[in-house]
Amino acid sequence: MELPKAYDPKEAEERWYAFWESRHYFDGNVNERKKPFAIVIPPPNVTGELHIGHALNNTLQDIVIRYKRMDGYEACWFPGTDHASIAVHVLIERGLAKRELDDLLRQIGYPVPQEKRPLTRYDLGREYFIKLGWAWKERYGSRIREQLRALGCSCDWRRESFTLDEARSRAVTEVFVRLYEEGFIYRGDRLINWCPRCQTVLSDLEVEHEETEGQLYYIRYPLEGGDGFVTVATTRPETMLGDTGVAVHPEDERYQELIGKFVILPLLGRKIPIIADKAVDKEFGTGAVKVTPAHDPIDFEIGRRHGLKIINIFKADATTNEHAGPYRDLERYQARRRVIEDLKAQGLLERVEPHRHALGHCQRCHTVIEPLISTQWFVRMKELAEPAIKVIESGEIQFIPERWTKIYFDWMRNIRDWPISRQLWWGHRIPAWHCADCKGITVARQAPPSCSKCGSKNIAQDEDVLDTWFSSALWPFSVMGWPNQTPELKYFYPTQLLSTGHDIIFFWVARMIMMGLHFMKSIPFERVFFHPIVKDERGQKMSKSKGNVIDPLEMKEKYGMDALRLTLAALCAQGKEMRLSVQDIEGYKKFLNKLWNAARFSLMSLQGSQLTDFSCEKTSLGLEDRWILSRLSRTIAQTRESLERYEFNHAAKGLYEFVWHDFCDWYLEMIKPRLYGTDVATKTPAQQVLFVLLTDILKLLHPFIPFITEEIWQRLPHKTAESVMIAEYPKVRPEWLDEHAEQTMHRLQTLITAIRTIRSEMNVPPQKRAKVFIKAEASDVQQIVHDYKIFFEELAQAGEISIGPSIERPKNAPRMVLEWAEVFIPLEGLLDLHQEYKRLQQELKKARAGLEATLRKLDNPDFLARAPEEIIEKEKRKAREFKEKVERLEQNLQLLQG
RNA sequence: GGGCGCUUAGCUCAGCGGGAGAGCGUCCGCCUUACACGCGGAAGGCCAGAGGUUCGAAUCCUCUAGCGCCCACCA
């Protein structure tokens with residue numbers, strides 16, 4: 001079947017995806033006759049849009065899963081999306097405030113007010129808010145799925161999950177209850193990170209530190225009973241309203257007499273003690289520090305050690321409360337200004353210094369974090385982390401690249417308890433019920449009829465939801481139906497690969513390992529591949545505001561998805577970032593065009609052939625056949641090895657190189673005479689080999705560029721499978737390896753290139769036949785020229801060829817000097833001797849340098865004594881070759897001058 | 001403050017102990033019936049710097065410089 005002149009990705013991509021799906025190729029089923037290969041998708045946020053990072057990660061996963069599927073595994077890729085508790089919550093709040101969600105509100109039956117702006121979640125109430133969340137999910141949730149399909153992802157869509165769906169919620173509840181019963185989950189007062197905008201607690205990971213230009217304020221605290229004062233330094237003067245002590249280092253001579261005395265807190269007049277604590281740094285500031293246990297993590301610890309009072313001066317929105325006395329009901333920075341003004345007025349502000357320090361910001365809304373004391377639910381992590389450290393140490397789970405293990409260990413060995421409650425509405429509600437009478441808490445899988453402590457029916461469910469990463473941590477087994485003991489769990493768990501970005505190694509990877517080990521008693525995945533972060537061509541992060549984003553769907557529109565996929569694979573080296581530009585995609589698109597045309601040519605050449613035998617019997621094969629089969633075998637091996645190591649760049653580039661340069665540039669050109677000819681004895685084997693090459697190339701490339709390979713596959717005259725997607729991935733064929741053919745071919749290529757170089761440099765018109773003289777002593781070189789004359793004629797436009805050991809350079813003939821031959825082409829016009837001289841000089845210089853370097857080694861007794869035998873042999877051979885080349889060049893230069 | 005990574009051809013990067021590579025870009029010549037999204041050819045590099053290990057270093061070790069990232073409770 002013939003191919004159209006150009007490939008149209010738009011039409012083909014959709015058609016083939018539908019075809020694959022209708023044939024159930026994506027389905028992974030429990031199948032005891034096959035080995036399973038499972039991947040669980042990192043669930044994109046349900047309201048997300050497919051960005052280039054998704055495109056990369058999901059392309060890589062699809063490459064692996066398609067490869068494994070073709071290679072005989074029962075492959076299953078579990079898809080799904082994440083409810084993204086806080087991210088979605090914040091988006092909805094924003095949408096409400098801007099009144100952008102009115103239509104959704106009407107849809108869920110909420111009486112939308114005319115005027116009110118901003119609209120808040122408190123106006124809606126919890127029930128409507130959650131309804132709105134689901135309506136939102138319905139509207140936007142399918143978008144990301146459609147985009148993954150456009151990418152070509154061969155997910156088993158029957159198994160799609162959502163972290164907030166019923167089955168996953170059951171898993172969440174089960175895990176919470178069990179961890180609570182086992183004592184891992186507790187509720188307590190801790191100093192936590194509070195986002196005053198989102199009005200929720202955040203884990204340390206959700207806080208981003210940023211260097212900020214701030215000020216260090218030196219404030220005098222008068223000593224009790226008269227003269228003198230202690231000067232403390234602080235970046236947050238307003239928190240002095242909550243000070244309950246002043247601390248110095250126990251060994252600080254300056255303050256020895258003051259320890260145990262009291263100061264009077266300015267502005268509020270509270271009497272607070274001076275205490276000694278080793279946490280204080282003598283060198284910083286004045287060596288005396290104000291202690292605000294309610295609003296600073298270190299102070300909290302100091303306060304605890306010394307039994308200091310805890311005075312919280314902030315409300316949930318970080319405005320001051322009644323404890324701030326005259327400064328109550330002020331926004332925190334306003335309070336700071338007022339406090340400073342008043343201190344200054346009272347002469348208690350000694351000085352202010354500029355001071356750079358890191359400030360925590362909310363990951364979602366970028367508001368400055370306020371450390372606060374609050375009652376929250378926590379998971380005790382230490383004990384859960386220990387086995388999770390061991391499985392990495394032992395290699396049971398392998399990180400790729402390996403360096404991420406160190407980062408993992410550092411975090412896991414210093415792990416802190418995980419605050420899991422969030423004061424949000426969109427998410428998994430905590431399965432705990434508080435009793436208004438006895439204040440007891442009942443944790444249960446379902447709403448209990450009464451308090452388990454006192455039996456009172458006066459109970460209400462905890463208001464909080466769980467950190468979104470809590471459900472993500474269960475993902476590898478929750479998508480397989482846990483807590484039910486499903487056949488899928490038994491067969492597909494643990495999965496073989498997790499592919500993700502390194503930015504969520506703590507958020508997600510570490511927690512999945514801990515939860516998997518705890519609840520499944522086994523690792524969740526065998527390998528974790530950390531893909532690089534995609535940056536623009538200048539190494540800058542892509543962002544909409546910078547206008548440097550590369551939108552996958554736009555690229556699909558312009559170049560086709562295969563082009564993007566291949567580019568991403570080809571650039572995916574195991575570094576930390578990948579620089580991507582549209583030009584790269586354009587470049588790989590050209591490869592697809594090349595492939596398309598090579599396929600067109602091949603199919604045309606196979607037309608009408610009655611091929612039945614593809615055994616490629618060596619006896620009937622030409623040099624070029626044996627060579628390309630040998631190269632194919634190596635390429636298969638290299639592709640497989642690279643894929644096993646997740647070296648996608650090597651796999652993609654190896655195939656690119658092989659297809660373009662070996663197959664197209666040399667092989668196809670070399671077999672043209674046979675294909676155009678009518679001699680069945682040479683034509684048929686060429687067609688056989690061509691067919692084998694084409695089918696194997698399609699199969700090898702299919703995981704990278706599924707659409708175009710299928711489009712071509714379907715036009716093959718003798719399909720070995722109804723789809724390339726389910727064809728068997730090529731296996732290494734050792735019997736095809738042919739060192740001799742490769743060596744001979746290499747010499748042939750070198751000679752042809754030498755002729756082409758002379759022709760090109762001397763401006764011999766391309767179509768003009770040229771007489772060629774080759775001086776070569778070695779009989780095998782003479783043999784090559786003799787046997788493969790046709791290739792010199794076809795590929796180098798050679799006319800008559802004279803070869804022999806005593807060939808003389810004809811007059812007016814520029815030359816190429818090789819290690820084992822000299823090539824001359826007589827010119828009709830005048831030869832530019834100067835140019836020729838320069839070129840030969842340059843080559844001589846190189847050859848001499850090479851010779852010297854080699855001889856230096858061979859003259860070194862240590863080298864001869866210590867280097868391995870084969871290296872010495874190699875150096876000797878090199879020396880001979882260089883020497884010969886140098887001699888030939890010298891002779892030629894001499895002749896040139898003479 | 002701790003840790004990690006990078007520095008190779010004009011650009012983007014491979015190579016990570018034995019003769020400096022690719023793609024893009026540049027230059028030259030070609031519309032040769034698969035492909036001008038192409039074909040053929042060429043130019044271009046003391047592999048950041050300094051020490052060390054080794055018979056041998058772009059490749060391993062140490063230090064320095066520049067760039068980037070992550071973690072962190074010096075107020």
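Every chain is numbered from 1 and lettered A, B, ... according to where its sequence line falls, protein lines coming before strand lines. This one's a predicted model, so the numbers in the text were calculated from it and none came from an experiment.
A:Lys406 forms no cation-pi arrangement with A:Phe399, by the criterion of a distance under 6.0 Å to the ring centre and an angle within 45° of the ring axis.
Checking B:A34, B:G19, B:A72 against every side-chain atom of A:Arg877, the shortest atom distance belongs to B:G19. Picking from B:A34, B:G38, B:C73 the nucleotide with the shortest atom distance to the side chain of A:Tyr676 gives B:A34. Closest to the side chain of A:Asp281, from the set B:C13, B:A75, B:C73, is B:A75. Side-chain proximity of A:Pro766 to the nucleotides B:C30, B:C39, B:U12 is greatest for B:C30. Checking B:G38, B:G68, B:A42 against the side-chain heavy atoms of A:Glu761 singles out B:A42 as nearest. Distance from the side chain of A:Val280 is smallest for B:A75 among the nucleotides B:A75, B:C35, B:G23. The side chain of A:Phe506 lies closest to B:C71 when the candidates are B:C71, B:C35, B:G40. The listed nucleotides are B:A75, B:G23, B:G18; the one nearest the side chain of A:Thr235 is B:A75. You'll find that the side chain of A:Trp660 is closest to B:G38, out of B:G38, B:C13, B:C73. Of all nucleotides listed (B:C73, B:G44, B:A34), B:G44 comes nearest to the side chain of A:Gln842.
A:Phe300 comes within contact range of no nucleotide atom at all, as no heavy-atom separation falls under 4.0 Å. Here A:Glu881 lies in heavy-atom contact (under 4.0 Å) with a base. Contacts of A:Ala598 with the nucleic acid, taken as non-hydrogen atoms under 4.0 Å apart, include base atoms. Among the heavy atoms of the strands, none lies under 4.0 Å from A:Ser581. No engagement by A:Gln797 is indicated, since no non-hydrogen atom pair under 4.0 Å with the nucleic acid exists.
Between B:U32 and A:Lys768, no contact under 4.0 Å exists linking OP1 or OP2 to a side-chain N or O. For B:A22, neither phosphate oxygen OP1 nor OP2 lies less than 4.0 angstrom from any side-chain nitrogen or oxygen of A:His650. Residue A:Arg403 places no side-chain N or O under 4.0 Å from the OP1 or OP2 atom of B:C4.
For A:Tyr588 and A:Tyr559, the gap between ring centers reaches or exceeds 6.0 Å. Between A:Trp411 and A:Phe506, the ring centre distance stays below 6.0 Å.
Nucleotides B:U54 and B:C13 are separated by 29 Å at their C1' atoms, to the nearest Å. For the C1' atoms, the distance from B:A22 to B:U32 is 27 Å, rounded to whole Å. Comparing the same atom, C1', in B:A65 and in B:G49 gives a spacing of 7 Å after rounding to whole Å. For the C1' atoms, the distance linking B:G10 with B:U26 amounts to 8 Å, nearest Å. The same atom, C1', is picked in B:C37 and in B:C24; the two are 14 Å apart, to the nearest Å. For the P atoms, the distance from B:A58 to B:G18 is 10 Å, rounded to whole Å. The C1' atoms of B:C47 and B:A9 are separated by 10 Å, rounded to the nearest whole Å. Taking the P atoms as reference points, B:G44 lies 40 Å from B:C4, given to the whole Å.
What separates NZ of A:Lys845 from P of B:G45 is a distance of 10 Å, to the nearest Å. In this structure, the CD atom of A:Glu852 is 15 Å from the C1' atom of B:G19, given to the nearest Å. One can place CG of A:Leu568 at 20 Å from P of B:G23, the figure rounded to the nearest angstrom.
Checked for salt-bridge contact, A:Lys290 and A:Asp243 meet the test: a charged N lies under 4.0 Å from a carboxylate O. Salt-bridge check for A:Glu238 with A:Arg236: passed, with a basic side-chain N closer than 4.0 Å to an acidic carboxylate O.
Looking only at atom types and distance, the side chain of A:Ser203 has a donor-acceptor partner in the side chain of A:Glu206 under 3.5 Å away.
What you find for A:Asn649 and A:Ala570 is that their closest heavy atoms are CB-O, 3.2 Å. Heavy atoms only, all atoms of each residue included: A:Leu716 and A:Phe691 are closest at CD2-CE1, 4.3 Å.
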inquiry  = Could you go through A:Phe284 and A:His355, starting from their C-alpha distance and side-chain angles, then the distance that decides it, and tell me whether this counts as ring pair (Phe, Tyr, Trp, His ring centres under 6.0 Å)?
reply    = CA-CA 12 Å; A:Phe284 189 89; A:His355 181 67; 5.6 Å; yes

For nucleotides 52-58 of chain B, give me every protein contact, N/O to N/O, under 3.5 Å, one pair per line with atom names.
unit_1	atom_1	unit_2	atom_2	d
B:C55	OP1	A:Arg866	NE	3.0
B:C55	OP1	A:Arg866	NH1	2.1
B:C55	O2'	A:Asn860	ND2	2.7

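The salt bridge (charged side-chain N to carboxylate O under 4.0 Å, His left out) with A:Arg815 is formed by just one residue from the set A:Glu761, A:Glu836, A:Glu843; it is A:Glu836.
For A:Thr757 and B:G41, a side-chain-to-base donor-acceptor distance below 3.5 Å is absent, hydrogens and geometry of angles not being considered. Taking 3.5 Å as the limit, the base of B:A34 and the side chain of A:Lys672 contain a donor-acceptor pair of atoms between them.
Closest-nucleotide positions on RNA chain B for A:Asp410 and A:Tyr588 were compared, and the one nearer the 5' end corresponds to A:Asp410.
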